[in-house]
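One structure is given here, and the rest of the page talks about it.
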Amino acid sequence: MVNAYVPADLGEALRLLQEKTVIPYAGGTDIMVHPQAEAAYLFLRQLPELNQICTTDQYFVIGSAVTYQALLTQTAVRLPDILLQACRQVAAPPIRNLGTLGGNICNASPAGDTLPVLYALDASVRLARLEPAVRDCQNLTPTIGYRILPLRQFIQGVRRTCRRPEELLIEILIPQTHDTLTYYEKIASRKAQAIAKLSFAGAASVSQGQLQRLALAFGSVGVTVVRDSLIEAKIINGSYDPEAAVQAYAALLRPITDQRSTASYRKTVCLNLARDFLTAVQAQVTAGRRGR
Amino acid sequence: MQIINVQTGIPFILNDRPVRSLSAPGTRLLDVLRQEFHLTGTKCGCKEGECGACAVLINGRLVTSCLVAVGSIAHQAVLTIEGYRKTERFAVLDEAFAEMAAVQCGFCTPGMVLATEALLSEHPHPSPEEIRQGLSGNLCRCTGYQALVQAVSTAAQKGAGLW
Ligand SMILES: Cc1cc2nc3c(=O)[nH]c(=O)nc-3n(C[C@H](O)[C@H](O)[C@H](O)COP(=O)(O)OP(=O)(O)OC[C@H]3O[C@@H](n4cnc5c(N)ncnc54)[C@H](O)[C@@H]3O)c2cc1C
Ligand code: FES
Ligand code: FES
């Protein structure tokens, strides 16, 4: 007989993960496409700890089980516009009512729509697990241990993350940067309910004609989102103008042809989007210098 | 901690009545509705979340029931087309869909009607663009969509005040 579990709080959920082989289930929109009859699901959506959205001094903090719809309709926190833009383009209303940010990350599809944006925003993930109880301690309630990893490190390949079996992703942390320019484009065969052929997220912070921060992230053109710190650094220090940068990305991007699109279409459009974004960044830098 | 399985059953509210499903917790809500409760108004078009024919409302929110494990909805309220058709709002949609010829084979209709209910609850006076977005998770192979957009506009006008 297959059991499923509805824990009341994070501690109960983590204890279960440690004691049994269970599958964390958030919105189910990836899991239920290929459900396994014998799977023991650990339902997460009701956990209060995974449903919060708040800010700290440094971060926007989004609970892993917050749905796209909740993210888009909440008014408590002013989340980065570029993230909302990406969430609006995920699937369609019935899926956005179920699907979660944590699910998008843990599913680690190269076509996950929020991933290029989260990479561009330097997001991290917070994982939790139960630490074994210390023997000689009076209080035997085990404590919850946490670790924080940059998303770029957490996602390791197609549907591969470095989550340990006893861990849950509990929060997504997004640094509160002051980007002066953000850019998001998802290219798919129709506007709604379509997986991306490719996507691009760009973010830049320009202050008084100085480029301070720059991020370009490409989705669906590699096993994970592609971001290259070396090229970004060369653009920031002025060694690359937009065209030189586009040439560098041309050498870097190696998309494949599959049922959704061809390698050459993906590459051409990615480079066009990067050029468009970098030209806009340069215009902001030039305008800032004139204004100084 | 609640443990659920075929022996404990899964209690939930179905069209305003408390029920208990005895299906395995991982079973698709779609299959539970059609096979266990014999409510066949909820249609199965793809089992992949793509077509919206299986759409129902859970706590008032539109979801594709093929992507919902029944174990995940303990104590929640499910509304299917069979429950919705007893409402005054349904009567308005029924008339508007018929008037605008927004129903041909009818396979997509239960999902379209519930998507319209969810849309009008949020936007009682939707623009054509909002209507297209509200119905964007529901496929129709017959009507070409324009008739559906007109039906929803008509319903919003005729049923003003109901949503
Ligand atoms: C019709 C359809 C259209 C779609 N369109 C898009 C689209 O346009 N863009 C897009 O990006 N995606 C799309 N998806 C994919 C999917 O909806 C998203 O990836 C969604 O964000 C998954 O979230 P979920 O909560 O439903 O994940 P689930 O299915 O609940 O989980 C996904 C995986 O993550 C694990 N997991 C979930 N939460 C946690 C956690 N907190 N800790 C540890 N592990 C966890 C699960 O065990 C599972 O392996 C689509 C899916 C469908 C069916
Ligand atoms: S059967 Fe559920 S969306 Fe098609
Ligand atoms: S009326 Fe036939 S699918 Fe819509």
Side-chain angles (χ1 to χ4, degrees), chain A residues 1-16 19-20 22-47 65 67-70 72-73 88-99 103 190-195, chain B residues 1-8 10-11 22-31 46-76 111 114-116 118-119 121-123 129-130 132-139:
Chain A
M1 187 171 56
V2 183
N3 285 331
Y5 304 89
V6 190
D9 58 34
L10 181 62
E12 279 189 3
L14 296 176
R15 183 184 310 265
L16 214 90
E19 289 169 359
K20 296 205 154 58
V22 291
I23 299 179
Y25 178 117
T29 62
D30 278 314
I31 291 175
M32 293 301 288
V33 175
H34 305 286
Q36 299 155 264
E38 295 305 301
Y41 292 126
L42 172 65
F43 295 119
L44 301 176
R45 273 288 303 287
Q46 73 291 347
L47 292 176
T67 62
Y68 294 110
Q69 184 61 18
L72 288 167
T73 49
R88 255 180 239 121
Q89 294 188 44
V90 171
I95 310 286
R96 290 198 292 270
N97 280 331
L98 293 166
R190 59 189 282 255
K191 274 193 196 160
Q193 198 78 307
I195 304 294
Chain B
M1 165 85 70
Q2 204 186 335
I3 299 177
I4 45 189
N5 52 44
V6 288
Q7 261 164 27
T8 66
I10 299 142
L22 295 177
S23 300
T27 313
R28 299 170 192 274
L29 175 60
L30 169 64
D31 295 335
C46 68
K47 291 203 175 184
E48 292 183 352
E50 297 280 352
C51 74
C54 68
V56 301
L57 300 181
I58 298 187
N59 302 334
R61 289 191 189 288
L62 188 72
V63 301
T64 39
S65 63
C66 66
L67 296 184
V68 174
V70 65
S72 71
I73 61 153
H75 306 295
Q76 303 187 30
L114 290 170
T116 305
L119 168 70
S121 300
E122 209 183 332
H123 303 286
E129 179 55 28
E130 283 169 336
R132 285 182 187 276
Q133 285 198 12
L135 303 185
S136 63
N138 298 70
L139 298 181

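Each chain gets a letter, A, B and so on, in the order its sequence line appears, and its residues count up from 1.
Shown here for B:Asn5 and A:Val2, the closest heavy-atom pair between the two residues is CB-O, 3.3 Å. Nearest approach of A:Val33 to B:Arg28, heavy atoms of both residues: O-NH2, 3.9 Å. In terms of heavy-atom proximity, A:Gln69 sits nearest to B:Glu122 at NE2-OE2, 3.9 Å.
Of the listed residues (A:Ala92, A:Ala39, A:Pro93, A:Pro94), the greatest number of heavy-atom pairs within a distance under 4.5 Å of chain B belongs to A:Pro94. Ranking B:Gln133, B:Glu48, B:Gln7, B:Lys47 against chain A, the residue ahead of the rest is B:Gln7, based on heavy-atom pairs under 4.5 Å.
Under the side-chain contact (heavy atoms from CB on, under 4.5 Å) criterion, A:Lys191 pairs with no residue at all, not counting sequence neighbours.
Proximity to chain B (any heavy atom under 4.5 Å) is shown, for A:Leu44, by neither the backbone nor the side chain. Only the side chain of A:Arg190 comes within less than 4.5 Å of a heavy atom in chain B; its backbone stays farther off. Only the side chain of A:Tyr41 comes within contact range of chain B, with heavy atoms under 4.5 Å apart.
Under a 3.5 Å cut-off, the side chain of B:Gln2 and the backbone N or O of A:Val6 do not form any donor-acceptor pair.
How far CG of B:Leu30 is from CE of A:Met32: 9.5 Å, rounded to the nearest 0.5 Å.
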Side-chain donor-acceptor pairs of residues 55-74 of chain B under 3.5 Å, sequence neighbours excluded:
{"from": "B:Asn59", "atom 1": "OD1", "to": "B:Ala77", "atom 2": "N", "distance (Å)": "3.0"}
{"from": "B:Asn59", "atom 1": "ND2", "to": "B:Gln76", "atom 2": "OE1", "distance (Å)": "3.2"}
{"from": "B:Ser65", "atom 1": "OG", "to": "B:Cys54", "atom 2": "O", "distance (Å)": "2.7"}
{"from": "B:Ser72", "atom 1": "OG", "to": "B:Ala69", "atom 2": "O", "distance (Å)": "2.7"}

